[in-house]
Amino acid sequence: MSKKLFIPGPIDVNEDVLAQMAKQVISHRGSEASALQEAITEKLQDLFYTKNNILLSTSSGSGLMEGSIRSCTLKRAAVLSCGSFGDRWYKMGVLNGVPADLFKVELGKAIEPEMVDKVLSTNKYDTVMVTHNETSTGIANPIKEIGEVIKKYDNIIYCVDAVSSAGGMKIEVDESNIDICLTSVQKALGLPPGMSLCTFSEKAKKRAEKVPNRGYYFDLLAIYEYIQNKNYQYPSTPSLSHMFALNFQLKKILNEGLDNRFNRHEEMANLVRDWAQEHFQIFTDVNYLSNTLTVIKNTQGISVSNLNKKLQERGFLIANGYGDLKEKTFRISHMGDYTVKDVNELLININEILGF
Ligand SMILES: *Cc1c(COP(=O)(O)O)cnc(C)c1O
């Protein structure tokens, strides 16, 4: 039996989107492939409220995280972390030989603009990496306000990991001064895993031109230049099957209406938050709650893995806490094409299992 995946990615993919993945492949050097990239670009520019270029990567989102810190850091990267995914970005810097410093906040707390200001006032950095939606703690960081701070400084490339939020929460890339906003396709965009994408500003391009050692596969400048100069094509073969599905799904997303989609995510989030507050507690600072997932403090000491076993028998799956937060917290995602009705159904089943 297939399960409803209320985990923070991958999530269920609609049948019509899956069917796009089964279409016959085309040449990645033909005009059809160019037209596909162009069509995807226009739609993603709408989704991200940007005029910047769009790059696709045949990798999961981690590839673009690695590519952005390496391609755009000349001096030193400031990595602001409020959990596991922020920490990952720092590790990538170190392992690529990119000078980087890690600035952490307590788990469950947000990265505040004042903190970014303090870090940048040292004048040591030329890139800033921020996780929008920290999937391990349920925090949605104030990326727009952080962007305001970054505006005050010259020459900072602002990179945002929006892997678990893009497609479910509004991200205004240009208004927020974001140079690179990256995401994977298997979370709030609702596609099978295997591709990721990012916005790429002129400023990021100019910076990358100065960075001597950008690697090969995740060299964002090389990808950008190929798209520019070779009529919307890629240096290596992209997953054309994902591109069919992405173009199709983006059409559906825009047809739903972006505001409708973001509101639907907020409604699903409100439902789970209310439930969590009635029976448990919300783990996360309530001033910065994510609309795509809720992290719940296990105040009743239930066995999360047992709950999940019983949920699976009923056709659902939720997520245990991430890393050290396992069993101390659990996570319910509400992203992609799920509806309030689906979330209600999940909560009713949890209530029955736990005897609420
Ligand atoms: C899932 C996730 C990642 C990793 O993405 P992959 O596509 O698995 O590489 C990175 N950052 C955040 C915030 C995530 O939720």
Side-chain angles (χ1 to χ4, degrees), residues 5-13 48 55-70 77 79-93 95-96 102 104-105 107-111 128-143 146 159-169 171 178 180-199 217-218 220 238-239 242 245-246 249 265 269 283-284 288-295 317-323 325-326 329-336:
L5 300 177
F6 288 93
I7 59 174
I11 55 161
D12 308 66
V13 178
F48 285 108
L55 315 180
L56 303 183
S57 172
T58 300
S59 68
S60 76
S62 299
L64 284 177
M65 289 170 73
E66 189 155 347
S68 54
I69 194 167
R70 180 163 175 179
V79 184
L80 294 123
S81 173
C82 58
S84 304
F85 291 103
D87 292 355
R88 180 182 292 192
W89 225 341
Y90 172 68
K91 249 182 245 160
M92 288 169 169
L95 294 173
N96 277 284
L102 178 64
K104 283 171 83 105
V105 298
L107 293 183
K109 295 272 185 292
I111 296 159
V128 172
M129 332 304 285
V130 177
T131 315
H132 178 211
N133 199 70
E134 178 48 70
T135 318
S136 62
T137 65
I139 279 282
N141 283 307
I143 48 172
I146 293 172
C159 303
V160 171
D161 166 356
V163 171
S164 59
S165 50
M169 293 170 75
I171 302 170
I178 300 169
I180 296 177
C181 183
L182 64 94
T183 193
S184 309
V185 296
Q186 79 276 14
K187 298 200 181 174
L189 288 172
L191 292 157
M195 189 165 248
S196 54
L197 52 97
C198 70
T199 68
Y217 193 66
F218 295 116
L220 301 192
S239 172
H242 276 96
L246 179 59
Q249 173 71 342
H265 279 78
F283 173 75
T284 316
Y288 296 102
L289 291 177
S290 160
N291 284 346
T292 54
L293 93 153
T294 301
V295 179
L317 188 68
I318 60 169
N320 210 318
Y322 194 97
L325 294 172
K326 201 168 175 176
T329 65
F330 58 99
R331 299 174 297 159
I332 297 178
S333 91
H334 25 79
M335 58 172 76

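Both counts, for ligands and for their atoms, begin at 1 and track the order of listing. This chain uses plain numbering: 1 for the first residue, then up along the sequence.
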What is the nearest protein non-hydrogen atom to atom 4 (C) of ligand 1, stated with its residue, atom name and distance?
Arg88 NH1, 3.5 Å

Determine whether Thr292 and Lys187 make a side-chain contact, defined as any pair of heavy atoms from C-beta on separated by less than 4.5 Å.
no

State, yes or no, whether a side-chain contact exists between Thr58 and Tyr217 at a heavy-atom distance under 4.5 Å.
yes

Side-chain touch Lys104/Asp87, heavy atoms, less than 4.5 angstrom
yes

Examine the side chains of His334 and Thr294 and answer whether a donor and an acceptor come within less than 3.5 Å of each other.
yes

May I ask you to list the atoms of ligand 1 that are less than 4.0 angstrom from any heavy atom of Met65?
10 (C)

Minimum side-chain heavy-atom gap Val163-Thr135 below 4.5 Å:
no

For atom 10 (C) of ligand 1, what is the nearest protein heavy atom, given as residue, atom name and distance?
Phe85 CD2, 3.3 Å

For Thr131 and Asp161, does a side-chain donor sit closer than 3.5 Å to a side-chain acceptor?
no

Considering distance alone, does some N or O of Ser184 sit under 3.5 Å from an N or O of ligand 1?
yes

What atoms of ligand 1 come closer than 4.0 angstrom to any heavy atom of Thr135?
12 (C), 13 (C), 14 (C), 15 (O)

Report yes or no: does a heavy atom of His132 sit under 4.0 Å from some atom of ligand 1?
no

Geometry only, no angles: is Val163 polar-contacting ligand 1 at N/O separations under 3.5 Å?
no

With a 3.5 Å distance limit and no angle check, can you tell me whether His242 reaches the backbone of Pro193 through a side-chain donor-acceptor pair?
yes

Is Glu134 close enough to touch ligand 1? Criterion: a residue heavy atom under 4.0 Å from a ligand atom.
no

Using a 4.5 Å cut-off on heavy atoms from C-beta on, say whether the side chain of Val295 contacts that of Tyr322.
no

Starting from atom 1 (C) of ligand 1, what is the nearest protein heavy atom, named by residue and atom, and what distance separates them?
Lys187 NZ, 1.4 Å

Apply the test side-chain contact (heavy atoms from CB on, under 4.5 Å) to residues Leu220 and Ser68: give CA-CA distance (whole Å), side-chain angles for both, the deciding distance (0.1 Å), then the verdict.
CA-CA 7 Å; Leu220 301 192; Ser68 54; 4.0 Å; yes

For atom 11 (N) of ligand 1, what's the nearest protein heavy-atom neighbour? Residue, atom name and distance, please.
Asp161 OD2, 2.6 Å

Of the protein's non-hydrogen atoms, which lies at the shortest distance from atom 6 (P) of ligand 1, and what is that distance?
Ser60 OG, 3.4 Å

Report, in ascending order of atom number, the atoms of ligand 1 lying under 4.0 Å from any heavy atom of Gln186.
6 (P), 7 (O), 8 (O)

Taking only heavy atoms of Gly61 into account, list the atoms of ligand 1 that are under 4.0 Å away from them.
6 (P), 7 (O), 9 (O)

As an exercise, identify every atom of ligand 1 less than 4.0 angstrom from a heavy atom of Asn133.
13 (C)

